[in-house]
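Only a predicted model underlies this, so the values are computations on that prediction, with no experimental measurement involved.
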Amino acid sequence: SLSSIGQFSINLSSFVLNSFLTLVISIYTLLYKESIFAFLNDFFGKILPEKFFQQAKFWLQTTNKVFYKFVTSQFLDACIIAVLSTIILTVLRVRFALSLGLLLGMANMIPYFGSIFASIATAVITFFTGGLSQALITLVSLTVLQQIDGNIIGPRIMAGALNLNPIIIIISITIGGAYLGILGMFLAVPVAAILKIITMNWLKKEDEKEKTQQEAID
């Protein structure tokens with residue numbers, strides 16, 4: 001028992017220390033990001049070939065924009081779910097409707113499993129505060145909301161932000177979850193957006209090459 005307690009204490013201390021260091025490093029990185037980017041730009045601009053450096057810089061900037069749009073669209077979707085969940089819970093007269101609605105919104109940032117976990121937790125809390133019938137009605141209502149969000153609201157928001165077809169978003173999340181689990185679900189949409197950009201650029205170059213060849217023939 002003492003050994004288990006000691007190991008748990010070590011793991012907890014390590015987690016707290018790593019979290020604190022990560023927070024501090026993140027704050028300093030944000031404060032000095034301009035000078036850091038300027039240094040990296042000058043350093044790699046000197047050691048890498050110009051063409052390769054410009055291409056790498058372009059794709060890094062593109063990836064950054066895609067992930068930024070993805071995270072902001074996820075946050076917007078989470079806010080919408082938080083508001084809708086709070087309204088539903090208030091109509092059903094569930095206790096702690098506002099707090100549970102915020103929990104459902106934050107958990108919605110985690111694809112699939114987050115919303116399921118939050119809905120079950122909300123149903124359990126409702127069971128102890130309002131009874132079995134209210135808990136079942138709440139669980140059914142939240143399940144319907146999550147299905148609407150997963151198949152309509154979420155894909156449409158991401159489609160507008162990332163310029164992707166909602167069908168591609170749903171398929172990419174399904175494939176990512178099947179092969180890489182939760183991490184695959186989270187990364188599937190931005191990866192699909194980047195692959196689309198790569199494909200469109202390749203097709204554009206092919207069209208320009210064919211046009212140049214045709215003009216040379218003419």
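Taken to the nearest 0.5 Å, the CG atom of Asn41 stands 13.5 Å off from the CD1 atom of Ile36. To the nearest 0.5 Å, the span separating CG on Leu145 from CD1 on Ile87 amounts to 10.0 Å. Separation of atoms OG1 (Thr122) and CG (Leu142) is listed at 6.0 Å; rounding is to 0.5 Å. Within the model, atoms CD1 of Ile157 and CD1 of Ile152 stand 12.0 Å from one another, a figure rounded to the nearest 0.5 Å. If you take OH on Tyr32 and CZ on Phe37, they are separated by 15.5 Å, rounding to the nearest 0.5 Å. Taking CG of Asp77 as the reference point, atom CG of Asn108 lies at 5.0 Å (rounded to 0.5 Å).
Note on Trp59: it clusters hydrophobically with Val191, by side-chain heavy-atom contacts below 4.5 Å among ILVMFWY residues. Linking ILVMFWY side-chain heavy atoms closer than 4.5 Å, directly or via other members, places Leu84 and Val94 in a single hydrophobic cluster. A continuous path of ILVMFWY side-chain contacts below 4.5 Å connects Val189 to Ile197, so both sit in one hydrophobic cluster. Residue Leu102 is not grouped with residue Ile88 when hydrophobic side chains (ILVMFWY) are merged at heavy-atom distances under 4.5 angstrom, including chains of intermediate members. Under a hydrophobic clustering in which Ile, Leu, Val, Met, Phe, Trp and Tyr are joined whenever their side-chain heavy atoms come within less than 4.5 Å, directly or via other members, Met109 and Ile81 fall into different clusters.
Smallest separation of non-hydrogen atoms from Pro155 and Asp149: CD-O, 3.4 Å. Contact record, Thr86 with Gly101: OG1-CA, 3.4 Å, taken as the closest heavy-atom pair. Residues Arg95 and Leu100 come closest through the heavy atom pair O-CD1, 3.6 Å. The two residues Ile25 and Thr29 have their closest heavy-atom pair at O-OG1, 2.6 Å. The two residues Ser119 and Leu139 have their closest heavy-atom pair at O-CD1, 4.0 Å. Across every non-hydrogen atom of Ala123 and Ala135, the tightest pair is O-CB, 3.4 Å.
Between the Gln134 side chain and the Leu92 main chain, a donor and an acceptor come within less than 3.5 Å of each other. Asn151 places a side-chain N or O within donor-acceptor distance of the main-chain N or O of Gln147, the cut-off being under 3.5 Å. Between the Ser85 side chain and the Ala82 main chain, no donor and acceptor come within less than 3.5 Å of each other. No donor-acceptor pair closer than 3.5 Å links the side chain of Gln146 to the backbone N or O of Ser115.
Summarising the local packing, CZ of Phe58 is surrounded by more than 12 heavy atoms from other residues, nucleotides or ligands at distances under 6.0 Å. Around the CG atom of Leu21, the shell of radius 6.0 Å holds more than 12 heavy atoms that belong to other residues, nucleotides or ligands. Applying the 6.0 Å contact sphere to NZ of Lys65 captures no more than 12 heavy atoms from other residues, nucleotides or ligands.
Using a 4.5 Å heavy-atom cutoff, the side chains of Ile198 and Trp202 are not in contact. Under the 4.5 Å side-chain criterion, counting only non-hydrogen atoms from C-beta, Leu104 is in contact with Leu89. In this structure, the side chains of Lys57 and Gln61 come closer than 4.5 Å at one or more pairs of heavy atoms.
In this structure, Phe70 and Phe67 have perpendicular ring planes: the angle between them is above 60°, well past the 30° mark.
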